[in-house]
Amino acid sequence: MKSLLEVENLKKYFEHRGGMFRATEYLKAVDDVSFEIKKGETFGLVGESGCGKSTCGKTILKLHQPTAGSIRYDGVDISGFSRKQMLPYRRKMTITYQDPFGSLDPRMTVGDIISEPMEVHKLYGREERENKVMEITELVGLTAEQVSRYPHEFSGGQRQRIGIARSLALDPEFIVADEPVSALDVSIQAQIINLLYDLQKELDLTYLFIAHDLAVVKHICERIAVMYLGKVVEIADKKELFRNPMHPYTKALMSSVPIPNPHRRTEQIILTGDVPSPVNPPPGCHFHNRCPSAMERCSAEEPELVEVEKDHFVSCHLY
């Protein structure tokens, strides 16, 4: 399949001021990340909280200006584009936020929330806009009567449907789904995941699906990248990653996933130590101070992301 998005050596550093008499430091939220997303697929990005997943997604959309690296969308490098140059791409690339409560303006009705992107981009006349809002609300499982209501009148799952509807308002090709189900009950999570899946088939969408729940990622994604402390440590097809995780960090993540079978037991890998600060990450491999397989080389030399097996990339000195 054709690649819709190619991210190469992407970096996003934030200035971090420690005090009046201390030099400016940099928080390395995304540190030299590379991957590609094929048109029509759901690409998963997983890792612990604070590893840089959401920042990576927002940087790809140019909601954060990248510090270095390239972002190629449909063959065009957009990493250096100005706000004006990005305007046509804002219609093609949208986002669904994690928090269904905080991401919606409580003073706006559902209809206003969904139609606002159309007004910003000056799309359609008033009547066409209203018809488009009705079409989208029906598409995400809401009713015409709910268009005039306010966000506080809805449940968490319904609010997330409103957020998804807003992201569809401009007929996008690519959506960053930033942990869209993490704030929802398990039963509601299944509804939203199924909705995203159905919308993808119906509208030919491409997703970057960000999550920390491996069970959710296993259900919806085709390929998965694992992030640790701003870096991608493993990329593989979903079946291959769950069958044969190679990086010690990925193995630890997989061992923590409950198996709904009382006759199958897996040994859980308990990682020692705390997650290092992204302001001052360890030298060499960022994971070496918590890794059960660490060697002397790991603390001195940073491993490269290499293809160990067909379409299975790992960043580890074990390989």
Side-chain angles (χ1 to χ4, degrees), residues 42 49 53-54 57-58 61-63 86-87 89-213 216-217 219-220:
T42 301
S49 295
K53 306 184 299 296
S54 295
K58 291 174 182 176
L61 295 179
K62 297 290 296 294
L63 299 178
M86 276 301 297
L87 204 57
Y89 289 89
R90 297 288 178 216
R91 292 184 57 182
K92 299 178 181 181
M93 310 163 70
T94 59
I95 184 169
T96 298
Y97 290 98
Q98 174 181 359
D99 184 4
F101 300 91
S103 62
L104 302 177
D105 191 331
R107 298 166 297 180
M108 297 175 70
T109 65
V110 171
D112 292 337
I113 288 169
I114 298 172
S115 64
E116 186 181 29
M118 304 179 206
E119 293 176 21
V120 170
H121 287 266
K122 298 180 174 60
L123 296 178
Y124 316 120
R126 183 174 179 179
E127 187 176 340
E128 287 179 291
R129 205 175 290 153
E130 290 175 356
N131 292 336
K132 184 74 174 176
V133 168
M134 292 299 179
E135 179 187 324
I136 294 171
T137 52
E138 185 179 340
L139 198 61
V140 299
L142 298 173
T143 63
E145 297 78 39
Q146 293 172 317
V147 169
S148 59
R149 296 182 187 176
Y150 291 86
H152 72 270
E153 300 179 70
F154 295 89
S155 66
Q158 288 174 319
R159 292 186 200 189
Q160 195 60 283
R161 288 175 187 270
I162 297 167
I164 293 170
R166 179 177 56 187
S167 68
L168 295 173
L170 301 175
D171 297 321
E173 301 171 334
F174 174 72
I175 296 178
V176 173
D178 185 10
E179 304 208 37
V181 297
S182 64
L184 305 175
D185 294 336
V186 175
S187 59
I188 308 300
Q189 285 185 7
Q191 294 176 20
I192 298 301
I193 290 169
N194 289 335
L195 172 63
L196 291 170
Y197 182 81
D198 292 340
L199 290 172
Q200 182 179 41
K201 298 302 178 188
E202 187 170 344
L203 304 176
D204 193 25
L205 297 171
T206 303
Y207 292 137
L208 171 60
F209 192 91
I210 298 169
H212 60 262
D213 188 334
V216 171
V217 171
H219 181 75
I220 195 171

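As the structure is a prediction and not an experimental result, all values here were calculated from the model.
Judged by distance alone, with hydrogens and angles left aside, the side-chain atoms of R129 form a donor-acceptor pair with the main-chain N or O of L123 at under 3.5 Å. With Q98 contributing its side chain and D178 its backbone, the two residues share no donor-acceptor pair below 3.5 Å. Side-chain atoms of Y89 never come within 3.5 Å of backbone atoms of K62 as a donor-acceptor pair (strictly under, hydrogens ignored). For the pair Q160 (side chain) and P180 (backbone), a donor-acceptor distance under 3.5 Å is present. E138 places no side-chain N or O within donor-acceptor distance of the main-chain N or O of E135, the cut-off being under 3.5 Å.
When side chains are defined from C-beta on, L205 counts as touching L168, because their heavy atoms get closer than 4.5 Å. Counting only heavy atoms from C-beta outward, the side chains of T94 and P117 never approach each other to under 4.5 Å. For the pair H219 and N194, the minimum side-chain heavy-atom distance is below 4.5 Å. With a 4.5 Å cut-off on side-chain heavy atoms, K132 and D171 count as touching. Counting only heavy atoms from C-beta outward, the side chains of R107 and D112 never approach each other to under 4.5 Å. The shortest distance between side-chain heavy atoms of V110 and F154 falls below 4.5 Å.
We find that R166 and D105 are not joined by a salt bridge, their nearest charged nitrogen and carboxylate oxygen being 4.0 Å or further apart. Ion pairing between a basic and an acidic side chain is recognised when a charged N comes within 4.0 Å of a carboxylate O; E130 and R126 show such pairing.
Closest heavy-atom contact between L195 and L139: CD1-O, 3.9 Å. Shown here for S103 and P100, the closest heavy-atom pair between the two residues is OG-CA, 4.0 Å. Listed here is the closest heavy atom pair of V181 and Q189: O-NE2, 3.1 Å. Across all their heavy atoms, G157 and L184 have their closest contact at N-CD2, 3.8 Å. Residue G57 comes nearest to L208 through the heavy atom pair CA-CD2, 4.1 Å, listed as atom of the first residue, atom of the second, then distance. Taking each heavy atom of I113 and P151 in turn, the nearest pair found is CD1-CG, 3.8 Å.
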Can L87 and H121 be said to form a side chain to side chain contact (heavy atoms under 4.5 Å, CB included), step by step?
CA-CA 8 Å; L87 204 57; H121 287 266; 4.0 Å; yes

Given side chain to side chain contact (heavy atoms under 4.5 Å, CB included), test R161 with I192 step by step and report yes or no.
CA-CA 7 Å; R161 288 175 187 270; I192 298 301; 3.8 Å; yes

Trace of the side chain to side chain contact (heavy atoms under 4.5 Å, CB included) decision for F101 with R159:
CA-CA 7 Å; F101 300 91; R159 292 186 200 189; 2.7 Å; yes

Go through the steps to decide whether Y150 and L104 satisfy the test side chain to side chain contact (heavy atoms under 4.5 Å, CB included), and finish with yes or no.
CA-CA 9 Å; Y150 291 86; L104 302 177; over 6 Å; no

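Note that CG of L63 and OG of S54 are 11.5 Å apart. Values are rounded to the nearest 0.5 Å. Atom CD of residue E173 and atom CG of residue D204 lie 8.5 Å apart, to the nearest 0.5 angstrom. Here CE of M134 is found 11.5 Å from CG of L142. Values are rounded to the nearest 0.5 Å. To the nearest 0.5 Å, atoms CG (L199) and OH (Y207) are separated by 5.0 Å. Distance check, rounded to the nearest 0.5 Å: CD1 of I175 to CG of L61 gives 10.5 Å. Taking CD of Q146 as the start and CD of E153 as the end, the distance is 9.5 Å to the nearest 0.5 Å.
With sequence neighbours left out, S148 forms a side chain to side chain contact (heavy atoms under 4.5 Å, CB included) with no residue at all. Not counting sequence neighbours, the partners of N131 by the side chain to side chain contact (heavy atoms under 4.5 Å, CB included) test are E127.
A side-chain donor from one of Q200 and T42 sits under 3.5 Å from a side-chain acceptor of the other.
Around OH of Y124, the count of heavy atoms belonging to other residues, nucleotides or ligands within 6.0 Å exceeds 12.
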